[in-house]
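What follows is a single structure, written as structure tokens, with notes after it.
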Amino acid sequence: MNPTSKPKVAFYWCASCGGCEEAVVDLAEDILNVVEAVEIVFWPVAMDFKKQDLEAMPDRAIAAALVNGAIRTSEQEEMVRLLRRKSQCLISYGACAQLGGIPALANQFEREEILRYVYQEAPSVINNSGTYPQPATPHNGDTVTLPAFRNSVRALDQVVEVDYYIPGCPPTPALTKAALDALLAGRLPPRGTVLAPDVALCEQCPRLESKPKDLSLDAFQRPHRTALDPEKCLLAQGIPCMGPATRSGCEALCIKGNMACTGCFGPTSRVLDHGAKILSCFASALAPKEPQGIDQALAGLPDPVGTFYRYSLARSLLRRKRGPSQTQHFIRGNPP
Amino acid sequence: MREGNWRPRIVAFFCNWCTYTAADLAGVSRLKYAPNARVIRLMCSGRLDPQLVLAAFARGADGVLIGGCHPGDCHYLEGNYKTLRRFRLLRRLLRDLGIEEERLRLEWVSAAEGEKIRQVVTDMVETLRALGPLDLPGQFRQWDQEVETLKAQVVEAERLTPQPA
Amino acid sequence: MRTPRPDQVRIGFYICHCGTNIAGALDVGEVVNHVAGLPGVALARDYKYLCSDPGQELIQHDIRDHGLNRIVVAACSPLMHERTFRRAVEEAGLNPFYCHMVNIREHDAWVHTDRQEATAKAKALATGAVRRVALHKPLETKKVPIHGEVLVVGGGIAGIHAALILADAGKRVYLVEREPTIGGHMARFDKTFPTLDCAACILTPKMSAVGAHPNITLWTYSEVTQVEGYVGNFNVTVTRKPRYVIEDACTGCLQCIEACIYHDARFPDEFNLGLGKRKPIHLPFPQATPPVVLIDPGTCIEFKTGKCKKTCVEACADRRAIDFQQREETRQIQVGTIIIATGFQTFDPRRIPYYGYGVFPTVYTALEVERLLNAAGPTGGEVILRNGKPPQRVGIVHCVGSRDENTNRYCSRVCCLYSLKLAHLIKEHTGAEVYNFYIDIRTPGKGMEEFYNRVAEEGMHLVRGKVADVYPDPADPANGRLMLQVEDTLMGRILKVPVDMLVLSVGLEPRADTQEVRRKFNLCCGPEGFFLERHPKLAPVSSYAEGVFLAGCCQGPKDIPDTVAQAGAAAAQALALIVRGYTEQEPNTAYVREEDCSGCKSCIPLCPYTAISLAADKQKAFINEALCKGCGVCVAACPSGSIGQNLFEDEQLLSEVEGVLTYA
């Protein structure tokens, strides 16, 4: 490794789908400018670095580490602690690192339930011997270890301190580039800032005009059972769209693809709990006034947790489900 | 949490015009009821942001009681209907996250119903006693023990590892 | 949620003993010690009566001497003394909204028995307040101008009296009465206790004064159908029922009644409670105000068949006052304040079947007897029974529908005295033996006990006991004589008293449509169903709706002197607001942080006062502060947390939640 004066940058992924890594590549030719401007010192998914390489660096030697994915295992904890120690600036990259993301929906289940399902009960599994992964297994006279699988999925900042957040599932190239440019130019906002506009998505939504002033919803529709008007506000069509409660900056990509916002950019800075806020907004917009009518209208939201906390359960006020879930519900995989 | 000393904690969000006044009336009438409810005054139950309910649970409430005007009687015409709608959905959300529905209660209490305050609070305390402590702050600490262990190890390891030049 | 910049917060905490009200129930010292250790608290004290002048001065001196900039007062309900302490704080140079109250009397000391628990609760509530007040912002009270016009609802003696006071003060008054005439219950009374002056003699001059007053717009046979707006600016819709007589054209000559195709009055007369008869075209009673006849379409031939000779129209001649085509009309008015004087209804004694009302023709309600006694009544003032004979033995049962577990628990206050009055008048008119059956004789008030003594000395029979049964006298079934069975609880024996007239002293009840009226005017009702005053002692004519005042029996049973006094008080309160010209409103309005708003419109339909609109040029929500009433529904629903509410900010409420949960 040639020591250079260019700022050192690290990338790392934890519990994620890999989409965030793709998003970095999605910078397209702009990535050349990035590579030009920085020295990548750690990026296991793309380049051959080892943990020892990181350990060998002086503390705070890395200018910025971009970490995507939620924290589920002891290995991830260890790595982000190490990155935190070696970096001046730790950036949470993407919805999973910021809020727990899709992996955090598993916070509706206990570890044992998940393991039992994955290694025993799932329809595609045959495991007659009842083999489960073990933290330590003797092998040829040696001991092979596996990282511990934690009971809860966590957002990055629930394990280490985070300096900035780039939101999204995944973050757009534009946001990524803007963040890197700001970082390189040293024009960064106060620590803890989410590097995206602090206004809800409706502001950028091409369908805002078509949203009526009074929704007066009698029912919520399931998107897969509805022929969607490609021009009209999705909420006006009864589709639970998280846009009013979700930070903008995504360029309304889902809406342009005729899909409702599912909330991957997370709430604005003024909101403590993404799900509670959109719940309040949706419920307030209902038309019925009687418990029965209200429940009927809400029947179109069969899975409030999955809808309102699609990305933010780990970072919600309640953080996870308390106690074991109903196994029945779990095995069917999808709520009715 | 010492089980023996545990007393249910209720955060009560009361509408200024009905339930809060009813609680005043209960006082003026010297009705006696369980001391577990801490009243937070709102101008209308419709001001109750569900975030505050979740925050109350997250900060240690065993139960949350919402008091609003009877249907048709809202001082602000229809705020209580908004409360009812949020409440119906919020209870489902809580249940799905393992918090018993009975921990969140909505009652319509008019300014004249001091006696109802006594009944509702006393009854809710009994319900919560039967359910036992929620103690989410304790749960959070317990949930975080799994990462605290490693954190301690890492800190210890870093202390022992000499800083590379 | 935004964390505000914590400026140098110096909180003064004060806990009031309220004599022994608070200090007797919890350990104020312990609360002081606890709060003194909380962050931001510069000073914590207890004091015997904080609401007293020295108590307020203590706080004011501390603000100056210790540089306090936030005040928490743990005492009674803020509904009681919040204004007191805000004013005290303001006088000491601090913004009044830097003061916050903790309710440890009504919500704590008075309702809990365990001293330790009550103390713990006080600590928790105080901690919530201390956390909250640290985040308070300086605010300004909003001044809202008040329209000078007043709406008086109900034209009984309360409404009449209030309307006259206001009109005499030069204010425009709209007096709306449901019945075709004003006068209310008092117009039906014969004499009034304890002075026995004639009700009509003292009431009718006031009625005609109302009718003639240039400042009073009198709308009888009319109802308030809609009320919008708020103190200072109420928009009221009044619906005027058709009387089929043009009010301005009718001179009250009554020739039409004379000329009616029905020669004889043959339909039950509402004013006389069905004891007398009237024609389809009629005037409720001679001194009715306005003196305008009306046609009852239910009995008028023209309305039923369309084939009447319309002799009434002929008689009316050039005045052309009769208009069979008249339709319901609505009027819109704008008023600044409202006085509710909707009165009461008498208890329906059919609900207590064993008294035999509606079964035995010789059983009357007290109000019916008033009409029998009245010289203008159906019998010309003679007390004669339905069989045409005067009674010789009369029983008066007190507390019918009052002080009774099965009907109304409360005392109707006026029945003892009007029963004594009726006893006196019946005896005077007929020379009958009169028996009063009472639970207790209650005669508080000026001249009342003297009146009781006077009547008692006239040789009334006063029997302490409730009549348990009423049945036809087996000895004299033909004449309709009744036998009353009653236990004389003073003598300890069962009496059987034969009477040929039984008078039921029915209690006073909230009117049947009270709930409807309550909703219309945004009032509250007490447990017995009467409108609830804001404070039983200190705000007895104020309602829970700002700018709406209560007068007379709609607030609770009372006699005429008290009703008139209360009506005067309500008029004075309305006048006080009008004369000041503005009202101060809690600055608890909501506001949109424009730079944060996405223009999603979620809040717009939620506002009950249409205070929120979308600023078209900016695509941002905008709250009209003048229209906002501070309910906070939009704040709770704003999905991006872009609406704040003064005095009820998210972070203030959150801190309070955290604070009240800090106790162990």
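Owing to the predicted nature of the structure, the values given are computational and were not obtained by experimental measurement. Chain letters run A, B, ... following the sequence lines, proteins first, then strands; residues in each count from 1.
Across A/Tyr309 and B/Leu54, no two heavy atoms sit closer than the pair OH-CD1, 3.3 Å. Smallest separation of non-hydrogen atoms from B/Asp96 and A/Lys321: O-NZ, 3.2 Å. B/Glu146 and A/Ser152 make their closest contact through OE2-N, 3.2 Å (heavy atoms, listed as atom of the first residue, atom of the second, distance). Between B/Pro50 and A/Leu279, the closest heavy-atom pair is CG-CD2, 3.9 Å. The shortest non-hydrogen separation linking A/Arg154 to B/Val147 is NH1-CG1, 3.7 Å. Nearest heavy-atom pair, B/Leu94 versus A/Leu318, reported as atom, atom and distance to 0.1 Å: CD2-CD1, 3.8 Å.
Seen from the ring of B/Trp143, A/Arg320 counts as a face-on cation partner, given the 6.0 Å and 45° thresholds.
The NZ atom of B/Lys82 lies 12.5 Å from the SG atom of A/Cys281; values are rounded to the nearest 0.5 Å. Expressed to the nearest 0.5 Å, how far CG of B/Leu89 lies from CZ of A/Phe282 amounts to 9.5 Å.
Both the backbone and the side chain of B/Leu90 have a heavy atom closer than 4.5 Å to some heavy atom of chain A. Only the backbone of B/Arg95 comes within contact range of chain A, with at least one heavy atom under 4.5 Å from a heavy atom of that chain. Only the side chain of A/Ile294 comes within contact range of chain B, with heavy atoms under 4.5 Å apart. If you measure heavy-atom distances from B/Gln139 to chain A, the contacts under 4.5 Å come from the side chain alone. Using a 4.5 Å cut-off between heavy atoms, B/Glu78 touches chain A through its side chain atoms alone. Residue A/Leu82: no heavy atom, backbone or side chain, is found under 4.5 Å from chain B.
Of the charged side-chain nitrogens involved, none lies within less than 4.0 Å of a carboxylate oxygen, so that B/Arg92 and A/Asp295 do not count as a salt-bridged pair.
Contact count versus chain B (heavy atoms, under 4.5 Å) is highest, among A/Val160, A/Leu313, A/Val305, for A/Val305. Note on A/Ala61, A/Pro291, A/Ser316, A/Gly293: by heavy-atom pairs under 4.5 Å with chain B, the leading option is A/Pro291. Most heavy-atom pairs under 4.5 Å with chain B, from the set A/Leu298, A/Leu301, A/Ile71: that is A/Leu298.
Atom CD of B/Glu148 has more than 12 neighbouring heavy atoms from other residues, nucleotides or ligands inside a 6.0 Å radius.
At least one donor-acceptor pair closer than 3.5 Å links the side chain of B/Arg85 to the backbone N or O of A/Pro288. No donor-acceptor pair closer than 3.5 Å links the side chain of A/Glu78 to the backbone N or O of B/Leu150. Between the side chain of B/Gln51 and the backbone N or O of A/Leu272, at least one donor-acceptor pair lies under 3.5 Å.
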*Apply side-chain contact (heavy atoms from CB on, under 4.5 Å) to B/Asp144 and A/Gln158, showing your working.*
CA-CA 9 Å; B/Asp144 283 342; A/Gln158 288 172 321; over 6 Å; no

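The shortest side-chain heavy-atom distance between B/Phe57 and A/Leu317 does not fall under the 4.5 Å cut-off. The side-chain heavy atoms of B/Leu136 and A/Arg322, taken from C-beta on, include a pair separated by under 4.5 Å. For the pair B/Asp49/A/Lys277, a side-chain contact is recorded, criterion being any heavy-atom separation below 4.5 Å from C-beta on.
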